[in-house]
There are 2 protein chains.
Amino acid sequence: MQILLTFGPFGPNMQNMSNGRPLQYDADKALDAAMHLFWSQGYEATSMQELLEVMGLSKSSLYQGFGGKKELFIRCINRYRTNMSEVLAGLLVKANSGRIFIEKLLLNFAIEARQPEHLRRGCLLMNTATEFAQKDSQVAEHVTVGFKRLREALQAAVLRGQLEGEISPVQDAGVLSDYLICSIGGITTVVKGGADEQRVREIVGVIMKALD
Amino acid sequence: MQILLTFGPFGPNMQNMSNGRPLQYDADKALDAAMHLFWSQGYEATSMQELLEVMGLSKSSLYQGFGGKKELFIRCINRYRTNMSEVLAGLLVKANSGRIFIEKLLLNFAIEARQPEHLRRGCLLMNTATEFAQKDSQVAEHVTVGFKRLREALQAAVLRGQLEGEISPVQDAGVLSDYLICSIGGITTVVKGGADEQRVREIVGVIMKALD
DNA sequence: CGTATTTTGGACCGCTCGGTCCACACATCC
DNA sequence: GGATGTGTGGACCGAGCGGTCCAAAATACG
């Protein structure tokens, strides 16, 4: 059991071993719903009851299929991370330049700033880092992995921008990536703190200036 | 009661009206202890029990003196804000230049990055904004006030820096202040996320570059 | 059909949460 | 020393928390 917990996916139908009653829910959809709820509300503020409602399954199914609140949360983080990596990689390929990719990424949060409150939720990884990465080493690990992936994506963009001559080549790409991670965390904070779109756009303008 | 709650201090000995048993605790010290606990742990993750222990008073005293968890928390935020304003104003006066003041302020978090986990807690206002400013309009108001004060302090420093020729005069001081608030939020995030001192110093280096 | 295997609904659990209440302790004022 | 007013300790509260358990339901296989 503990081994399963650690090595997951101890999820439903581990490898669809035919026998038995079939799952009555779409595990992927359910996980997605949980992720969005955690994303909006944070870990502590989200109750199992709310999760059940939004995931559309019963308590025993949740425990059977996902193993408990924390395990579910970790799955959500990892799902978020995977999604993010894919999306970013795809966007970078299609982007006109590394610098524009970065700017667009940041400006996404400006758009978020005009959404209703529950959608102004920033980046799940950042939220988790501030809420309780330090309190739980297990969660912390997964957040760290997420940060690493994000950094890789950003670094790729920075390197490309440097080659393209739109980002200062004298600054270390790794350091700039860390700076951008920091910036994303900051924007997450100010958006949640109530900054409006215009303000976020201005901030992004200054952030980008540091790349010159 | 509600009026008292809103207009506080409905605290102990509202204006020390002589009669009755005297307070057995130092209200200021108690409030300080509560503030530090909230600061380290966040609102949701801090229980009344923990607060009682660290404040050194009994349940009824807490409710009598501070009115409940949320009211106590709001008091802590305001206390934090007031302290902060004073400290920043004092430091700015003594600083060699506006720019150096800003840099030192940011580097403070680098120093925090080598503290044990429970002391790597960033800025209470930022933490509160990310945790649940959106969920509670009452708290949100107080956070907003805090942000405003912080912005004022930063703007004063920026303006001074511009006069001194160490900060670009073409950039709007208000925008730069917002940028710095964002940066503080970001640093808070990465520190809580586990960044070490060196990394934070590098990030601060880039942040400062945007002021050129 | 019966049996094995899995999922599911919901009753149930102990615990901790924030919060209330009141008898008593401790002060001042006359 | 009352009378009066305030602070304090601790019992007590209902609610909601995350989590467990098991009988019933639903499939596959022989």
Side-chain angles (χ1 to χ4, degrees), chain A residues 1-2 4-5 9-27 29-30 34 37-38 41-76 132 135-136 138-139, chain B residues 1-2 4-5 9-31 34 37-38 41-76 132 135-136 138-139:
Chain A
M1 161 72 156
Q2 273 190 330
L4 277 176
L5 258 172
F10 100 79
N13 260 338
M14 280 164 56
Q15 39 233 21
N16 210 347
M17 20 167 76
S18 357
N19 258 5
R21 181 172 169 176
L23 272 189
Q24 315 243 131
Y25 60 90
D26 182 332
K29 281 211 163 89
L37 195 61
F38 277 133
Q41 308 194 142
Y43 179 81
E44 296 274 11
T46 301
S47 71
M48 289 303 275
Q49 188 135 310
E50 289 173 302
L51 287 167
L52 296 180
E53 283 168 20
V54 84
M55 295 173 79
L57 38 76
S58 77
K59 214 162 202 179
S60 42
S61 300
L62 197 159
Y63 279 89
Q64 162 86 355
F66 302 93
K69 194 182 181 187
K70 203 170 87 177
E71 291 76 18
L72 174 60
F73 182 64
I74 289 179
R75 277 232 212 169
C76 288
F132 78 138
K135 288 174 218 154
D136 187 302
Q138 210 181 135
V139 172
Chain B
M1 162 71 156
Q2 273 191 332
L4 277 176
L5 256 171
F10 102 78
N13 259 338
M14 280 164 56
Q15 40 234 18
N16 211 348
M17 20 168 77
S18 359
N19 257 7
R21 181 172 169 177
L23 273 189
Q24 313 242 134
Y25 60 91
D26 181 332
D28 222 54
K29 280 210 164 90
L31 199 54
L37 195 60
F38 277 133
Q41 308 194 141
Y43 179 81
E44 297 273 11
T46 301
S47 71
M48 291 303 275
Q49 188 135 310
E50 289 173 302
L51 286 167
L52 295 181
E53 282 168 22
V54 83
M55 295 174 79
L57 37 76
S58 77
K59 215 160 201 179
S60 42
S61 300
L62 197 159
Y63 279 90
Q64 162 87 355
F66 301 93
K69 194 183 180 185
K70 203 171 87 177
E71 292 75 18
L72 173 61
F73 182 64
I74 289 178
R75 278 232 211 168
C76 289
F132 80 137
K135 287 173 218 152
D136 186 302
Q138 212 182 134
V139 172

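A, B, ... follow the sequence lines: proteins, then strands. Residue 1 opens every chain. Only heavy atoms go into these numbers, but all of them, side chains included; no hydrogens, no water, no symmetry mates. Model, not experiment: these values are computed from the prediction.
Nearest heavy-atom pair across Phe66(A) and Ala27(A) is CZ-O, 4.1 Å. In this structure, Ala30(B) and Leu57(B) approach most closely via the heavy-atom pair CB-CD2, 4.1 Å. Closest heavy-atom contact between Tyr43(B) and Lys69(B): O-NZ, 3.1 Å. Taking all atoms of both residues into account, the shortest heavy-atom contact from Gly65(B) to Arg75(B) is O-NH2, 3.4 Å.
Following rounding to the nearest Å, Tyr25(A) (OH) and dT7(C) (P) show an atom-to-atom distance of 7 Å. In this entry the distance linking CZ of Phe73(A) with C1' of dG18(D) reads 16 Å, nearest Å. One interatomic measurement links the two molecules: CD of Gln24(A) to C1' of dT6(C), which rounds to 11 Å at whole-angstrom precision. Between the P atom of dG10(D) and the CG atom of Leu57(B) lies a distance of 13 Å, rounded to the nearest Å. Between Leu51(A) atom CG and dC17(D) atom C1' there is a gap of 12 Å when expressed in whole angstrom units. Rounded to whole Å, the distance from CG on Leu23(B) to P on dA25(C) is 19 Å. Atom P of nucleotide dG19(D) and atom CG of Leu62(A) are separated by 10 Å, given to the nearest angstrom.
The phosphate of dT8(D) has neither OP1 nor OP2 within less than 4.0 Å of any side-chain N or O from Ser58(B). A sub-4.0 Å separation between OP1 or OP2 of dT8(C) and a side-chain N or O of Ser61(A) is present. Side-chain N/O atoms of Gln64(B) include one lying less than 4.0 angstrom from OP1 or OP2 on dG7(D).
Using the six-membered ring where Trp is involved, Phe132(A) and Phe73(A) have ring planes that are tilted, between 30° and 60° apart.
Partners of Gln138(B) by side chain to side chain donor-acceptor pair (under 3.5 Å), not counting sequence neighbours: none found. Partners of Gln24(B) according to the side chain to side chain contact (heavy atoms under 4.5 Å, CB included) rule, which considers only residues two or more places apart in sequence or in another chain, are Arg21(B). For the side chain to side chain donor-acceptor pair (under 3.5 Å) test, residues two or more places apart in sequence or in another chain that qualify with Asp136(B) are Lys70(B).
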Can you list, pair by pair, the side-chain donor-acceptor contacts under 3.5 Å of residues 49-56 of chain A, counting residues two or more places apart and other chains?
from: Glu50(A); atom 1: OE1; to: Gln41(A); atom 2: NE2; distance (Å): 3.4
from: Glu50(A); atom 1: OE1; to: Ser47(A); atom 2: N; distance (Å): 2.9
from: Glu50(A); atom 1: OE1; to: Ser47(A); atom 2: OG; distance (Å): 3.4

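End-to-end axis angle of the helix from dC1(C)-dG30(D) to dC30(C)-dG1(D), using five pairs per end and rounding to 10°, comes to 0°.
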* Quick one: what's the B/S/- string for nucleotides 11-20 of chain C, heavy-atom cutoff under 4.0 Å, read 5' to 3'? -> ------SBBB

